[in-house]
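The sequence lines fix the lettering, A, B, ..., with proteins before strands; numbering per chain opens at 1. Computed from heavy atoms alone, side chains included, the values below leave out hydrogens, waters and symmetry copies.
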Amino acid sequence: MTRIAVIDFETTGMSPLYGDRPTEVAIVMTEGGRVVDQFQSLMNPHRRIPGFIAQLTGITDAMVRAAPPVATVMAEAARFVGAAPLVAHNASFDRKFWQAELAALGLDAAQPFACTVLLARRLYPQAPNHKLSTLAHYLGLAREGRAHRALSDALVTAAVLGRIQADLTERHGLPDAGHAVLSGLQQCSRAAVPGWLQRHAHAA
DNA sequence: TGCCAGGCCCTCTTTAGGGCCTT
């Protein structure tokens, strides 16, 4: 059975290139579309969290001050993921933090990434938009916990992924939708996505 | 303190521009 790790970061900003760092990570391990394990931790970025981000996420400087350092948490996160492929909502964002922090630790970050935004835009073009919360509401998926907290967002993303896998199987008759998601969308490649979709659309 | 990005994709496009999505 294909194991897929769904990841979500909360951070101090948009880009590790400008010194932004993670404040929280959650990873939900799925197998056949079901959650089988999870990892979550706040972490101390040793950098102030901008006010609007603290308001957005509910994560404050006081909360991360007592948390373990980023390096400790990311080393644990890397062990948890192992060689499993990763999925995130807008994966280009989470991927750059994953790669930057693992590179700082001298750890390999070669796991393939797939993106539920790109998948959802193709499978659910009629949705009002493809923000995670809107998509969850549109698909009738329940949320546990506060939006913009890592574990809550990772669980919702895992639920979206599960629905995508189920819809691929039902609509397009894919015998192993999990494998198709990974093989077709690795790296969120601009070239791979439409080609993959067209192949399966024609086959359906 | 506030600023900083970038890949994808659509279209009034392709010798480009701008919206979406993440914090």
Using a heavy-atom cut-off of under 4.0 Å over every strand shown, decide if [X] touches base, sugar-phosphate, or nothing.
{"X": "F97(A)", "value": "nothing"}
{"X": "D20(A)", "value": "base"}
{"X": "T57(A)", "value": "sugar-phosphate"}

Distance check, [atom1] atoms only: [N] and [M], in whole angstrom units.
{"N": "dG7(B)", "M": "dT1(B)", "atom1": "P", "answer": "31 Å"}
{"N": "dG19(B)", "M": "dT13(B)", "atom1": "P", "answer": "16 Å"}
{"N": "dT23(B)", "M": "dG17(B)", "atom1": "C1'", "answer": "25 Å"}
{"N": "dC4(B)", "M": "dT22(B)", "atom1": "C1'", "answer": "15 Å"}
{"N": "dC12(B)", "M": "dG6(B)", "atom1": "C1'", "answer": "25 Å"}
{"N": "dC8(B)", "M": "dC3(B)", "atom1": "P", "answer": "27 Å"}

Linked, directly or transitively: I7(A) and V70(A) (ILVMFWY side chains, under 4.5 Å):
yes
Decide whether L151(A) and L161(A) are clustered together by the hydrophobic rule: side chain heavy atoms of Ile, Leu, Val, Met, Phe, Trp, Tyr closer than 4.5 Å, transitively.
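Yes, one cluster joins them.
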Report yes if at least one side-chain N or O of [X] is closer than 4.0 Å to OP1 or OP2 of [N]; otherwise report no.
{"X": "H148(A)", "N": "dT23(B)", "value": "yes"}
{"X": "R48(A)", "N": "dT1(B)", "value": "yes"}
{"X": "H130(A)", "N": "dC20(B)", "value": "no"}

Decide whether D20(A) and T12(A) meet the rule of one side-chain donor and one side-chain acceptor closer than 3.5 Å.
yes
Side chain proximity check, [X] to [Y], heavy atoms < 4.5 angstrom:
{"X": "F97(A)", "Y": "R21(A)", "result": "no"}
{"X": "S41(A)", "Y": "E76(A)", "result": "no"}
{"X": "V25(A)", "Y": "M43(A)", "result": "yes"}

Gap between atoms [atom1] and [atom2], on [X] and [N] respectively (whole Å):
{"X": "W98(A)", "N": "dA5(B)", "atom1": "CH2", "atom2": "P", "value": "25 Å"}
{"X": "L17(A)", "N": "dT23(B)", "atom1": "CG", "atom2": "C1'", "value": "15 Å"}
{"X": "E10(A)", "N": "dT22(B)", "atom1": "CD", "atom2": "P", "value": "11 Å"}
{"X": "L118(A)", "N": "dT22(B)", "atom1": "CG", "atom2": "C1'", "value": "12 Å"}
{"X": "D94(A)", "N": "dG7(B)", "atom1": "CG", "atom2": "C1'", "value": "13 Å"}
{"X": "M14(A)", "N": "dG2(B)", "atom1": "CE", "atom2": "P", "value": "17 Å"}
{"X": "R95(A)", "N": "dC21(B)", "atom1": "CZ", "atom2": "P", "value": "18 Å"}
{"X": "F52(A)", "N": "dT23(B)", "atom1": "CZ", "atom2": "C1'", "value": "7 Å"}

Taking the minimum atom-to-atom distance to the side chain of [X], which one of [options] wins?
{"X": "D153(A)", "options": "dT23(B), dC3(B), dT22(B)", "value": "dT23(B)"}
{"X": "S15(A)", "options": "dA5(B), dG6(B), dC3(B)", "value": "dA5(B)"}
{"X": "L56(A)", "options": "dT23(B), dT22(B), dA5(B)", "value": "dT23(B)"}
{"X": "K131(A)", "options": "dA5(B), dT23(B), dT22(B)", "value": "dT22(B)"}

Pick the nucleotide of DNA chain B nearest each of G51(A) and R121(A); which residue has the one closer to the 5' end?
G51(A)
Residue met sooner reading DNA chain B from 5', once T12(A) and S133(A) are mapped to nucleotides:
T12(A)
